[in-house]
Amino acid sequence: MAKKQKKFRPKARLPRGFVDRIGDDIRATDEMIGKIREVYERYGFDPIETPMFEYTDALGKFLPDSDRPNEGVFSLTDDDDQWMSLRYDLTAPLARHVAESYQHLNLPYRTYRAGYVFRNEKPGPGRFRQFMQFDADTVGAPGVQADAEMCMMMADTMEALGIRRGDYVIRVNNRKVLDGVLEAIGLAGDSHAAQRLTVLRAIDKLDKFGIDGVSELLGKGRMDESGDFTKGAGLDTDGVARVIGYISGSEKLANDGQRELDTMAAIFKACEYGDERIKIDPSCVRGLEYYTGPVFEAELLFDVTNEKGQTVQFGSVGGGGRYDGLVQRFMGQPVPATGFSIGVSRLMTALKNLGKLESGRLLAPVVVCVMDRDVESLGRYQNMVQQLRNAGIRAEMFQGNPKNFGKQLQYADRRNCPVAIIQGADERQAGEVQIKDLFEGKQISENITSRQEWTETRAAQISVPEADLVSEVKKVLSRYENGES
RNA sequence: GCAGUUGUAGCUCAGUUGGUUAGAGCGCCGGAUUGUGGCUCCGGAGGUCGGUGGUUCAAAUCCACCCAACUGUACCA
């Protein structure tokens, strides 16, 4: 049987882990970035931008395996066979930039940047393979006062975005303190490296699993919902108790890290950033690899309802810390640096939840309908549009098939346009145009039941002299300008 | 990677113990109505039933393998 020959039809679908962004989202993001930028500028940071691609070795990743070249990052080979990758964060490219232009820089070098980063890994709810980060860094500042400034700037940023004090907290810890704890439970030395990592990862999951879950992970292991088992760090009962004691704050150590934390706490106090804004928190772990000193994390504390209707805390929207070794990779000489990163997309979701993004909604354009389709009329309609535009009003001529007038109003209705302009032969002869208030018309029409009444009512429509087009449209728009509809 | 669940129209899904031409709602297009958004009515387009192989007179349905998505978990520079 010869099958009917079919044309190849590609399935229209997004690559997994990527999203299309549309109108209101883009506007809201722009607005949000503007607010963040204002704070950073006020703190004396300057913008800088690096490209999305870097040579793979510059990102701190070893050359890709030939069989799995894209593990974790998106990589490709250049014309000259060098491996390049899409950046997976904004810190590694900054380190490269600093190392490359070191002799021209005036240290301390204070910069910020926003941009997309890419991770080639399994996406999940709220986790994408392309997402936006907004970073600020100070390079060439060795003291923890630079770290303290980062924490305060993060707090200010949260508030500039409209997040109330108490709805967020900046949690601060120090890698050196964590190292001390590991030493105290007998995990010092190379032979325990793997176990140390497991312990740190277990601590990092306090948010997710609570004290009980973390205890299981520190000990024998934990069973997840699907029944899969995660092997634990294998600490004995005493070890588990001591780690738990430490992360809950009941046990303290005296070491360098703790002294740095004390200095930072003193700065916060002097600047009147209390516990409700910035909090020393021994369970804060973050970035397990390159951080060398203070680490910090911005966390949102208010509850949100997730897709399953469960109430959960929103959690982390950004973090950072000190990375004194990152520039050294390129230069051999140590260059102290500290910075933090805000997850813009995640923060957007949070602000939506708080209802902080609805206010500045833009009104849809005025639509000038096309009644007569001769060349002269088309010019006339377009001229009306230009008059409106010149007066600063968003406007457009209907660009679809003008054959059916009903379609034009349907289009305007679905776009949520406030006003339609109508001029056919009759109006033209009288030197008038019809201005239809679509919002009001919608309300009036709710009580109309018969088709005939519907078409003949011409609800919320007024006829005005052509010369008054702009001023009359403005009158109608003024009723809706502040985001009502 | 590991584990669980699920794959039928653009979307949400139904499809009986295997049985004729695979259905519905929504959406889309056209018409009633080429000058008025909604409602209503009529008509239409749209399907590799995730893929391949097998069992059978006969497979969306049963079997095997593969693929993909979702969820959890692990990893995450």
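Within every chain, numbering begins at 1; the chains are lettered A, B, ... in the order of the sequence lines, protein sequences first and strands thereafter. Both backbone and side-chain heavy atoms feed into the values below; hydrogens, waters and symmetry mates do not.
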Q: Other residues, nucleotides and ligands only: do more than 12 of their heavy atoms fall within 6.0 Å of NZ on A:Lys474?
A: no
Q: Any base atoms under 4.0 Å from A:Lys436, or only sugar-phosphate, or nothing? Heavy atoms, all strands.
A: base
Q: Residues from residues 417-430 of chain A sitting under 4.0 Å of RNA chain B, heavy atoms only?
A: A:Ile422, A:Gly424, A:Ala425, A:Asp426, A:Glu427
Q: At 4.0 Å (heavy atoms only), tell me whether A:Lys231 reaches a base, stays on the sugar-phosphate, or touches nothing.
A: nothing
Q: Between B:A9 and B:A45, how far apart are the C1' atoms? Round to whole Å, please.
A: 11 Å
Q: If you assign each of A:Lys407 and A:Asp89 to its closest nucleotide in RNA chain B, which residue comes earlier from the 5' end?
A: A:Lys407
Q: Is there aromatic stacking of A:Tyr290 on B:A77 here, judged by a ring-centre distance under 5.5 Å and a plane angle under 30°?
A: no
Q: Out of B:G30, B:U36, B:U73, which has the shortest distance to the side chain of A:Arg222?
A: B:U73
Q: Roughly how far, to the nearest 0.5 Å, is the OH atom of A:Tyr116 from the CD atom of A:Gln133?
A: 12.0 Å
Q: With P as the reference atom in both, quote the distance from B:A74 to B:A3 in angstrom, rounded to an integer.
A: 15 Å
Q: Less than 3.5 Å between a donor and an acceptor, one on the side chain of A:Lys122 and one on the base of B:U73, is that the case here?
A: yes
Q: Considering only atom P, compute the distance from B:A22 to B:G35 and round it to an integer number of Å.
A: 41 Å
Q: Counting side-chain heavy atoms from C-beta on, which of B:G35, B:U34, B:A69 comes nearest to A:Arg16?
A: B:A69
Q: So, does A:Gln410 get its side chain near the phosphate of B:U36, meaning an N or O under 4.0 Å from OP1 or OP2?
A: no
Q: Using the C1' atom as the reference point in each nucleotide, state the distance between B:U6 and B:G50 in Å, no decimals.
A: 11 Å
Q: Under a 3.5 Å distance rule, please check whether A:Asn173 uses its side chain to pair with a backbone N or O of A:Pro282 as donor and acceptor.
A: yes
Q: Looking at A:Phe229, I'd like to know if the NZ or CZ of A:Arg222 sits under 6.0 Å from its six-membered ring centre while staying within 45 degrees of the ring's axis.
A: no
Q: Report the nucleotide, chosen from B:A74, B:A77, B:U34, that has the shortest atom-to-atom distance to any side-chain atom of A:Glu121.
A: B:A77
Q: Any sub-3.5 Å donor-acceptor pair from A:Tyr40's side-chain atoms to A:Pro47's backbone N or O?
A: no
Q: Give the nucleotide from the list B:A74, B:C75, B:A77 with an atom nearest to the side chain of A:Leu217.
A: B:A74
Q: For A:Lys407, give me all partners under salt bridge (charged side-chain N to carboxylate O under 4.0 Å, His left out), at least two apart in sequence or on another chain.
A: none
Q: At 4.0 Å (heavy atoms only), tell me whether A:Arg127 reaches a base, stays on the sugar-phosphate, or touches nothing.
A: base
Q: Provide the distance between the two P atoms, one in B:A59 and one in B:C49, to the nearest whole Å.
A: 13 Å
Q: Which nucleotide sits closest to the side chain of A:Thr455: B:U73, B:U36, B:C75?
A: B:U36
Q: Can you identify which nucleotide, out of B:G38, B:G35, B:U36, has its nearest atom closest to the A:Arg414 side chain?
A: B:G38
Q: Take atom C1' in B:A69 and the same atom in B:C26, then report the distance between them in whole Å.
A: 23 Å
Q: Please walk me through it: do A:Asp147 and A:Glu260 pass side chain to side chain contact (heavy atoms under 4.5 Å, CB included)?
A: CA-CA 10 Å; A:Asp147 301 282; A:Glu260 289 181 2; over 6 Å; no
Q: Would the base of B:U36 count as contacting A:Gln408 through its side chain, where contact means a donor and an acceptor less than 3.5 Å apart?
A: no
Q: Pairing donors with acceptors under 3.5 angstrom, does anything connect the side chains of A:Tyr88 and A:Asn120?
A: no
Q: Taking the P atom in each of B:A24 and B:G47, what is the distance between them to the nearest angstrom?
A: 15 Å
Q: Nearest of B:A74, B:U36, B:A77 to any side-chain atom of A:Arg119?
A: B:A77
Q: Rounded to the nearest angstrom, tell me the gap between atom CG in A:Leu200 and atom P in B:C76.
A: 11 Å
Q: Could you tell me whether A:Glu54 and A:Arg87 make a salt bridge, using a distance below 4.0 angstrom between a side-chain N and a carboxylate O?
A: no
Q: For RNA chain B, what dot-bracket results from Watson-Crick or G-U pairs at under 3.5 Å, with [ ] for crossers and | for inter-strand partners?
A: (((((((..((((.....[...)))).(((((.......))))).....(((((..]....))))))))))))....
Q: Please state whether the rings of A:Phe296 and A:Phe340 are parallel, tilted or perpendicular, taking 30° and 60° as the class boundaries.
A: perpendicular
Q: Say we look at B:A60 and B:G23: how far apart would their P atoms be, to the nearest angstrom?
A: 13 Å
Q: For A:Asp413 and for A:Lys403, locate the closest nucleotide of RNA chain B by heavy-atom distance; then report the residue assigned to the nucleotide nearer the 5' terminus.
A: A:Lys403
Q: Taking the side chain from A:Asp437 and the backbone from A:Phe439, do they hold a donor-acceptor pair closer than 3.5 Å?
A: yes
